[in-house]
Amino acid sequence: MQTLLSDSDSEGLEDSQYSLRPQTLDEFIGQGRVKKQLRIHIEAAKSRGQALAHILFVSPPGLGKTTLARIVANEMGSSFKSAVGPAMERLDIATLLTNLEERAIFFIDEIHRMKGYVQESMYPAMEDYKIDLPIGQGPAADIITVPLAHFTLVGATTREGLLGGPFRDRFGNRIHLDYYSPEEIQIAINRLSERLQPSVKIEEDAEYELARRSRGTMRIAENMLRKVRDYATVESDGIITYEIAQEALDFFEIDELGLDDNDRTYLRTMIEKFRGRAGLKAMAVAVSEDERTIEEVYEPYLIKLGFLTLTPMGRVATDAAYQHLGYPTPEYQSTLF
Ligand SMILES: Nc1ncnc2c1ncn2[C@@H]1O[C@H](COP(=O)(O)OP(=O)(O)OP(=O)(O)O)[C@@H](O)[C@H]1O
Ligand SMILES: [Mg+2]
């Protein structure tokens, strides 16, 4: 199994594709409740001429956290600065914070991986827009308090539970994004097919077929469209018909529910090696994948599908998982936990 934790910022895509991201709340598909909430906060902050309250975006990978952070900056007419959680030290944060403009959006990705003491150093910045800086060293060291611009911290995390409680509580708005419906994803596929250069010809039922198998995730849909486009170009006349879409998805081993080879290997390993129940560490070793990727990339959708449950005694493959993979359902499975 070889999967990289998805990179947050469309890394690896050509420059021109950055502009394919939705730029405004209107262009951002779905998540109606979230958009409504953001519109209210943005309008209110703008009418008062104030900075937005700090926002924490929470979701599995690829649902639009980074995109929304940029949109919030656009809609506020604010500058946008970003950093990645694990790399940040206190001094880096201080340098970034002291250089922010009034009402800037300061985006920290993977904020749950920020070190504890670095999180703590953010408290006065978040609450009172000031930061304590040490001056000098040793016994003569002194602390000076530096005032900061009124900024908005926007954090993104796939694992809200790993944030320190007091840190999490300092975000005025904690916003959870949900998986998308096939209909919402179809709209995104349709738009992307028109915006890609050259544009992609794809029939409506083919759009839906890709959407249906995208695991409710925009990033997966976008990648799938690009892969299927390649298939259609080489194996056919470039037009993605329903038949070509199906052929391509079979070829790339994406099944009816959108599970790929990695997902199936994960479930098969759990069933065949561990009789349907295993701890995270054991699974990570067995499928040669790091624990974080398993927890953040594989498991959330398997849980949503009802193929996996997390119990205090380990992860458990459900009857539905056995059936989907064509195994006989174990007789006493459901009484095990
Ligand atoms: N609601 C949406 N409408 C249209 N496109 C979207 C939407 N949400 C996400 N996308 C697209 O999906 C891709 C992934 O989005 P994004 O990078 O914002 O996800 P993320 O939640 O930050 O993921 P990660 O946790 O991996 O950092 C982007 O190319 C983005 O343009
Ligand atoms: Mg991101």
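All values reported here derive from a predicted model rather than from experimental measurement. When a ligand or atom number is given, it counts from 1 through the structure's own listing order.
For the atom pair Asp169 CG and Tyr123 OH, the distance stands at 9.0 Å (nearest 0.5 Å).
Of the charged side-chain nitrogens involved, none lies within less than 4.0 Å of a carboxylate oxygen, so that Glu295 and Arg292 do not count as a salt-bridged pair.
Remark: side-chain polar atoms of Lys35 are paired, donor with acceptor, to backbone N or O of Phe28 under 3.5 angstrom.
For Ala69 against Ile105, the heavy-atom pair with the smallest separation is O-CG2, 4.3 Å.
Considering Glu222, Arg21, Glu296 only, the shortest heavy-atom separation from atom 29 (O) of ligand 1 involves Glu222. In this comparison of Glu27, Met218, Arg219, the heavy atom closest to atom 17 (O) of ligand 1 sits on Arg219.
Within the listing of ligand 1, atoms 18 (O), 19 (O), 20 (P), 21 (O), 22 (O), 23 (O), 24 (P), 25 (O) sit less than 4.0 angstrom from a heavy atom of Lys65. Each of the atoms 1 (N), 2 (C), 7 (C), 8 (N) of ligand 1 lies under 4.0 Å from some heavy atom of Phe28.
Close to ligand 1: Pro22, with a non-hydrogen atom less than 4.0 angstrom away. Residue contact annotation: Tyr180 has a non-hydrogen atom under 4.0 Å from ligand 1. Under the 4.0 angstrom criterion for non-hydrogen atoms, Gly62 is in contact with ligand 1.
Sorted by first and then second residue, the salt bridge (Lys or Arg N to Asp or Glu O under 4.0 Å) pairs with a member in residues 182-192 form an empty list; sequence neighbours excluded.
Side chains of Tyr327 and Glu272: a donor-acceptor N/O pair is present below 3.5 angstrom, by distance only.
With 2.8 Å as the limit, Thr67 does not count as an N, O or S neighbour of the Mg ion (ligand 2).
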In a table with atom names and distances, give each donor-acceptor pair under 3.5 Å that connects a side chain of residues 232-241 to protein atoms at least two apart or in another chain.
from, atom 1, to, atom 2, distance (Å)
Thr233, OG1, Arg229, O, 2.8
Asp237, OD1, Ile239, N, 3.1
Thr241, OG1, Ile244, N, 3.1

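In Leu63, the part holding a heavy atom less than 4.0 Å from any atom of ligand 1 is the backbone.
Below 3.5 Å of separation, one finds an N or O of Ile29 facing an N or O of ligand 1.
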